[in-house]
Enquirer: 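Here it is, the structure in full.
A note on names: the letters A, B, ... follow the listed sequences, proteins ahead of strands, and every chain is numbered from 1. Here the structure is a predicted model, which means the values were calculated and not measured.
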Amino acid sequence: METTSGASARPLPPAFYTQPTLAVARALLGKTLARRTDAGVAAGVIVEVEAYIAAVDAAAHGYGGPTPRTRSMFGPPGRAYVYRSYGMHFCLNVVTEPEGQAAAVLIRALRPSCGLELMRARRGPAVADRTLCRGPGRLCQALALTLSDDGADLCGPDLWIAETPDEERVGDPPIAASPRIGISKAVDLPWRFYISGSHYVSGRPTT
DNA sequence: CTTGAGATGTTCT
DNA sequence: GAACATCTCAAGA
């Protein structure tokens, strides 16, 4: 019998992504992000996210209008926005808000729950489990996400987000908020959300 | 654990 | 040119 895992649960309904961006960001914590390729399924529980809302947020991609790169951020909610970061990494966002508005939630870290061997194969043999998906570029590498996944449906067969089964859950996640990481504009907006105390969260220790 | 440098490509000034 | 929603590695405390 197949081992229980959020990877086998049904995708969240499209309506999940029509909530306001900050509500989606908080609600994503504790959900399972799953990825299928020919090599198999890999998945993890979301433990850290950041919200970006171009209408009111100078740090957001899409602030000041669409560009070719940010096109899918203006698209319909419930899709992926994947961009290249610092020339060599990729970052995965969940698009929110109605089409025409640029808003998204950056997935910053996962606690790996499924397909760990696959992740190690992609990330390297010396990488500790804790580090497999700790950071937005790292998790994209672990899940083999690239620009070809930009615009992908998050309720689809190859990439989806689902409720996490009870036996994989730690309990009700204690959610904390803080300023976002690695930005230089709108630095005071407390739009980074993470599971307090999780060792899989990027950045500094969280107490 | 910390700090600091370098890699690397697209976008913006 | 400069900046960038980052990561890895090496060296030090």
Enquirer: Surrounding CZ of A:R36 (heavy atoms of other residues, nucleotides or ligands, distance under 6.0 Å), is the total greater than 12?
Expert: no

Enquirer: Evaluate whether atom CZ of A:R169 has more than 12 neighbouring non-hydrogen atoms of other residues, nucleotides or ligands under 6.0 angstrom away.
Expert: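 More than 12 heavy atoms, drawn from other residues, nucleotides or ligands, come within 6.0 Å of this atom.
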
Enquirer: Using atom CZ of A:F90 as one end and atom P of C:dT6 as the other, report the distance to the nearest whole Å.
Expert: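 Between P of C:dT6 and CZ of A:F90: 15 Å.
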
Enquirer: Would you measure the distance from the C1' atom in C:dA5 across to the matching atom in B:dT3 and give it in whole Å?
Expert: 22 Å

Enquirer: Apply side chain to side chain contact (heavy atoms under 4.5 Å, CB included) to A:Y200 and list each qualifying residue two or more places apart in sequence or on a separate chain.
Expert: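 For A:Y200 the side chain to side chain contact (heavy atoms under 4.5 Å, CB included) partners, ignoring immediate neighbours, are A:V47, A:R111, A:P112, A:R130, A:S198.
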
Enquirer: Examine distances only and state if a side-chain atom of A:R138 and a backbone atom of A:R134 form a donor-acceptor pair shorter than 3.5 Å.
Expert: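 Side chain of A:R138 to backbone of A:R134: a pair is present.
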
Enquirer: Kindly indicate whether a cation-pi arrangement holds for A:R180 with A:F193, taking the cut-offs as under 6.0 Å to the six-membered ring centre and within 45° of the axis.
Expert: no

Enquirer: What integer distance in Å separates A:L147:CG from C:dA5:P?
Expert: 15 Å

Enquirer: I want to check one thing: is the phosphate of C:dC4, taken as OP1 and OP2, less than 4.0 Å away from some side-chain N or O of A:S184?
Expert: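 Answer is yes, contact under 4.0 Å.
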
Enquirer: Quickly work out the A:R130 CZ to B:dC1 C1' distance and round it to whole Å.
Expert: 11 Å

Enquirer: For the rings on A:H61 and A:Y83, is their centre-to-centre separation under 6.0 Å?
Expert: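 Between A:Y83 and A:H61, which both carry aromatic rings, the centre distance is below 6.0 Å.
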
Enquirer: Restricting to side-chain hydrogen bond (donor to acceptor under 3.5 Å, both in side chains), what partner residues turn up for A:T146, sequence neighbours left out?
Expert: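 Residues passing side-chain hydrogen bond (donor to acceptor under 3.5 Å, both in side chains) with A:T146: A:S148.
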
Enquirer: Within this structure, what is the CD1-CG distance for the pair A:I46 and A:L28, rounded to the nearest 0.5 Å?
Expert: 5.0 Å

Enquirer: Quick check against the 3.5 Å criterion: does A:Q101 have a side-chain atom that pairs as donor or acceptor with the backbone of A:P98?
Expert: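 A pair under 3.5 Å: no.
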
Enquirer: Of all residues at least two apart in sequence or in a different chain, which pass the side-chain hydrogen bond (donor to acceptor under 3.5 Å, both in side chains) check with A:T131?
Expert: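 With neighbours one apart ignored, the set is empty.
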
Enquirer: Any chance you could list the contact pattern along nucleotides 8-13 of chain C? Use B for base contacts, S for sugar-phosphate-only contacts and - for none, protein heavy atoms under 4.0 Å, 5' to 3'.
Expert: S-----

Enquirer: Tell me which of A:K185 and A:L139 sits closer to the 5' end of DNA chain C, going by the nucleotide each one is nearest to.
Expert: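 Comparing both residues, the 5'-ward one is A:K185.
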
Enquirer: For DNA chain B, what is the dot-bracket line, given that a base pair needs Watson-Crick (N1 to N3, plus N6-O4 or O6-N4) or G-U wobble (N1-O2 and O6-N3) geometry with both distances under 3.5 Å, and | means paired with another strand?
Expert: |||||||.||||.

Enquirer: Is the positively charged end of A:R192 above the ring of A:Y194, judged by distance under 6.0 angstrom from the centroid and angle within 45° of the axis?
Expert: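 Flagged: A:R192 positioned over aromatic ring of A:Y194.
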
Enquirer: Could you tell me how far apart A:Y83 (OH) and C:dC4 (P) are, to the nearest whole angstrom?
Expert: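 Answer to the nearest Å: 12 Å.
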
Enquirer: Any chance you could list the contact pattern along nucleotides 8-13 of chain B? Use B for base contacts, S for sugar-phosphate-only contacts and - for none, protein heavy atoms under 4.0 Å, 5' to 3'.
Expert: BB-SS-

Enquirer: Compare the minimum distances between each of C:dC7, B:dC1, C:dA5 and the side chain of A:L106, then state the nucleotide with the smallest one.
Expert: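 Ranking C:dC7, B:dC1, C:dA5 by closest atom to the A:L106 side chain puts C:dA5 first.
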
